[in-house]
Structures are given as C-alpha cells and as structure tokens.
Number of protein chains: 2
Amino acid sequence: MAPVASSDPVYLRVVADIRRQILDGSLPPDAPIPSRAQLTRRYGVGETAARHALRVLAAEGLIVARIGSGHYVRAKPVLLPLHRWRFHDHHVPFGADLHAQGIRTTWDRRSEVVGATPDIAQRLRLEEPAPVTLTRYVFRGDGKPVQLTTSYEPAGFGEPAPDEAPRALIGRMSAHGAKITEVVEEVHTRIPEPAESDLLALPAGTHVLHVERTHWAGDRPVETSDIVIPGDRFRLVYAHPLHP
Amino acid sequence: MAPVASSDPVYLRVVADIRRQILDGSLPPDAPIPSRAQLTRRYGVGETAARHALRVLAAEGLIVARIGSGHYVRAKPVLLPLHRWRFHDHHVPFGADLHAQGIRTTWDRRSEVVGATPDIAQRLRLEEPAPVTLTRYVFRGDGKPVQLTTSYEPAGFGEPAPDEAPRALIGRMSAHGAKITEVVEEVHTRIPEPAESDLLALPAGTHVLHVERTHWAGDRPVETSDIVIPGDRFRLVYAHPLHP
DNA sequence: AAGTGGTCTAGACCACTAT
DNA sequence: TAGTGGTCTAGACCACTTA
C-alpha cells in the first residue's frame, strides 16, 4: 500500500496528485487523464471518489471531458483582447479587435419601449414607471454570438435608425441636446444565466464578464447598458493616459 | 404521479423546478431548500439525483449549503465598487472605496530581485534572463485579505522604500527619468488558484477578477502587475471622459 | 466490441446543527 | 436525538467514441 499522509477526503488525494502533475508539466495540455476505472485501480478508491475527483478537476478548469472518449488536460484558452476605449479615440467600433484576428463580425438588434424596472430607473435617475427604449443587440463573430448587450435610454431621444451603428449613440444623443461627457463601465464576473449559456454556447463552468456601461451628459445619465461577454474567450482592455 | 414532460436527466427536473421557484420569488433569499431525503420523496428520484441537483444549484450560485443544517437560497451578494482610476485624478489610493464603506484597510509587501520569467520578460519587453524586482502585496479590509498584487519592475529603478505607498510608483519612476504616460489594465475572469482561495477565503465556486496592469513611459513598459480580486465581493469601475 | 463519461439506484458512515 | 450535508462503496445502464 502507498503511504497515506492525510486523513483528508479520499477524492482530494486523487485531485491533489493529478493537479500537481498538470501544474508541473508532467501532464502537458491535451494529455489524457486516467479514466474512472483506472483511477479506482490506481489509487485504490471507489468509483464515486474517482468520479468526484474528475468532476472537481473539471470544475477547476484543469481538465475537460470528451464524452465517450476521456478526460484531457485543458489547454489554456487564448483570451482575445476587447479594447473598451482608447485615448484620443473613444470610438472603438465593435469588431475592431475581432477583425484584427481575422474574424468576421456581424450584429443585429431589436428595440421596444417598455416601463423602466426599479433597477434601470435608478441607473437612469428616472421615476419608476417612466418609459424607456430597450434595445437588445446580439454581436456575432463568424456567425456565432460572442456578446450580448441590452441598452436602455429614456424614451424621447428617438429610436436608433434601423441601420444605425451601435456606437452612433453619441451623435444621436448630441442631436437631441445631450452632449455625452463621460462613459463609465463597471465590470464584474458572474455565472451566466441559462439563456446566456445557450446563446453564447458557453462550456459548463465558464463565467461571463458583465459590464454595466453608462453614458453621462454632465451629471445626467442618458443611456445605460448591460454587456455580457464570455469569460473564457475575451479580456477587456482599458487604457488610461496620465495628465497629457 | 406528477405529469412528466421531458426525457431529460432526472436531476434536471429537480434543478429546473427549484430554479424556477428561486427566480420567480416563490423561494425568497435565505429560504430553506428541501433536503436530499425530502427531494427523493417529493420528486420520486434516488439519493444520487437529489444530491446532484443540489450540487448543480450550488454551482450555479443559486443556493448555499450550511453543513449539518441544510441548503438555503443565496442572497445576491453586494459588489463593492473599486474605482480603478478617475478623470483628473489618476491617483486613487487603494482603500478609498473600502474606507467609504467603513472598512479599515491595511497592506503589507515583500520585495525580491528575481530573473524574469518568459511571460514577464515579454510584458516588460526585456531579454529573458533580465533581473526584475518582484513585489508581492497583500491588501486587507478589516484585517482580512481582499486583494493580492504581484508587481514586476526592471531592476534598477530602485526598490520601493520600506514605507513607500503602493501608488508612489509613478513618482519613483519619474525620479529615475521614466515619466509615466499611460496605464493599461486588462481584465479577465478565472478560477482562483488554491493558494488564492486560501488567502482570500473564497467560497467554493467563486471566480476572481484578474487585472494585468502595465505602466508605460512612452512606448516602454516600466512596470507590470497581476492584481487578483475576489469576484464575489467587488466590481471594477472605469470612468472615461470624452474629448473634454 | 471495448472503453468512456453521464447518469442513476440503494444503501452507508461521519461530523455537524438544531431542538 | 433526529436531521442534514459531505463523503463513499458497489454496482448498473446508456449514448457515445474509438478502433
């Protein structure tokens, strides 16, 4: 019998051993992980413990399962940069980063006027039942959805023209006398909602980056959006010039 | 017998039913979820399926387990804002946001000179075996670690003074002739490493926000950091003024 | 045809919580 | 003391991949 050092749960012995091999390179990316049956024999544990160990390693993102085939060391995914804005050029069109990677980008949009929810009313500093224009965007890279955006504006700035580009908002607001002075983005990470998982075809266990973006005209918020980005494919880039 | 609509896995029936009750409010925050034994009876499934359903709901962040007591609907956590910078004031000291919440902040630091890893060498545009000053910070809120930072500078800008504040870097670089012109932050979400989970006392299943920050002097990178922030407690705030 | 992961059953023991 | 979640065993069936 192998020397056993700890009284920890059995499955953690298996997890720790495989994790170590992955991190120190003995198991390189795409290398096969022992199957449930092999783990029970090799470590002298039951099927449940072996199964649980594989599940934990998968949840940690260290291995991926191909059903019918086996578990494999997951290659670290490449995170494409999404430049949220640039100095002297706030007008980064969606898709510039993707296009630089040779990815063809498209998008579509649906607008409707609805009553503001309490959350949106607070973000736009409106009284609650105020009407707002809600616009849903789906951005696609090579045909597959890669970003979901839900935008809210107080009704009255006019709907976006059917062929208006997403970033033309600043001009349209300006035409209605609201000169945009600041954009604020709040970033957090969360578990995708089931609908988001479906649309974005997210692998189990991946998170999304959720960006709450608000356009300000002076001290008045004139547009706010919820932007949902797959966390396993993208990183957000913020550049900030210092007293130029 | 209740009407069964789908041939999906059994545990998904349980998951879908409980998820619906949580999302539509029938099960409010902190409400108890039926136990494994109750689920087996109520839905006519085995213990394994009941157990699996609870595990999935916990992984989705909808419920939390209190061992020995039961599962409960998880109250949506409040995400404290961390302002990464502000217009006309890039000098946001760490802890300003926390202090505004009545949280007392402290930090400590250890520096050493090491050889640059390939990754760090690339980020600092150095030849590989170049010496760099590595500084590890632990930031604490009310005594508990809330942010981990690992900073790298080419050796030769002098070590930070023992009592130098973290943000004094810009001044120290300037004194060595490197005028910082831009800060770039790249944000992604990932699973915490085990050491990070321990230090930050992260609940299972939570992600971290990983900020790769680089200070630039013209086209030369003079400092780069990896900043690790618990994803269940914070959101990052980026404000961007438009052609002022 | 053999092996694999996903799912599932029917139990069980333990440490912990609640009463 | 009863109930709970965390862990664990010993098996099993299925859809799928691989050869």
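Computed from a prediction, not measured in an experiment: that's the story for all the values here. Labels below follow one simple rule: chain letters A, B, ... track the order of the sequence lines, proteins then strands, and each chain is numbered from 1.
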Donor on one side chain, acceptor on other, B:Thr214 and B:Glu212, under 3.5 Å: no
Is any side-chain nitrogen or oxygen of A:His71 closer than 4.0 Å to OP1 or OP2 of C:dG5? yes
So, do B:Leu209 and A:Leu209 sit near enough that their side-chain heavy atoms are less than 4.5 Å apart? yes
Side chains of A:Ile18 and A:Tyr43, heavy atoms from C-beta outward: is any pair under 4.5 Å? yes
Ring geometry between B:Phe139 and B:Trp107 (parallel below 30°, tilted from 30 to 60°, perpendicular above 60°): tilted
Any chance you could lay out the side-chain hydrogen bond (donor to acceptor under 3.5 Å, both in side chains) test for B:Thr106 and B:Arg140, step after step, and finish with the verdict? CA-CA 5 Å; B:Thr106 54; B:Arg140 298 186 169 82; 5.2 Å; no
Near-strand residues of residues 49-58 of chain B, defined as heavy-atom separation under 4.0 angstrom from DNA chain C: B:Ala49, B:Arg51, B:His52
Output the residues of residues 195-207 of chain A in contact with DNA chain C, where contact means a heavy atom of the residue under 4.0 Å from an atom of the strand; sort by number or write none. none
N/O donor-acceptor pairs under 3.5 Å from side chains in residues 229-238 of chain A, not counting sequence neighbours:
from     : atom 1 : to       : atom 2 : distance (Å)
A:Arg235 : NE     : B:Glu186 : OE1    : 2.4
A:Arg235 : NH1    : A:Leu79  : O      : 2.3
A:Arg235 : NH2    : B:Glu186 : OE1    : 3.4
A:Tyr238 : OH     : A:Glu185 : OE1    : 2.6

Expected output: side-chain B:Glu196 to main-chain B:Glu193 donor-acceptor under 3.5 Å: yes
Counting only side-chain nitrogens and oxygens, does A:Tyr11 get under 4.0 Å of the OP1 or OP2 atom of D:dT7? yes
A correct 5'-to-3' footprint of nucleotides 14-19 of chain C, with B, S and - meaning base, sugar-phosphate only and no protein heavy atom under 4.0 Å, is --BBS-
Would you find more than 12 non-hydrogen atoms of other residues, nucleotides or ligands less than 6.0 Å from A:Arg20 atom CZ? yes
Can you check whether B:Leu98 reaches B:Arg104 side chain to side chain, under 4.5 Å on heavy atoms? no
With no hydrogens and no angle check, just 3.5 Å: does a side-chain donor-acceptor pair link A:Ser225 and A:Glu223? yes
Measuring only between side-chain heavy atoms, which start at C-beta, is A:Thr150 closer than 4.5 Å to A:Thr135? no
Value for CZ (B:Arg123) from CD1 (B:Ile120), rounded to nearest 0.5 Å, stands at 4.0 Å
Output side-chain donor-acceptor pairs under 3.5 Å for residues 49-66 of chain B, partner residues at least two apart or in another chain, one line each.
from    : atom 1 : to      : atom 2 : distance (Å)
B:Arg51 : NH2    : B:Thr48 : OG1    : 3.2
B:Glu60 : OE1    : B:Arg19 : NH1    : 2.8
B:Glu60 : OE2    : B:Arg19 : NH1    : 2.5

Within residues 30-47 of chain B, which residues have any heavy atom lying less than 4.0 Å from an atom of DNA chain C? B:Arg36, B:Val45, B:Gly46, B:Glu47
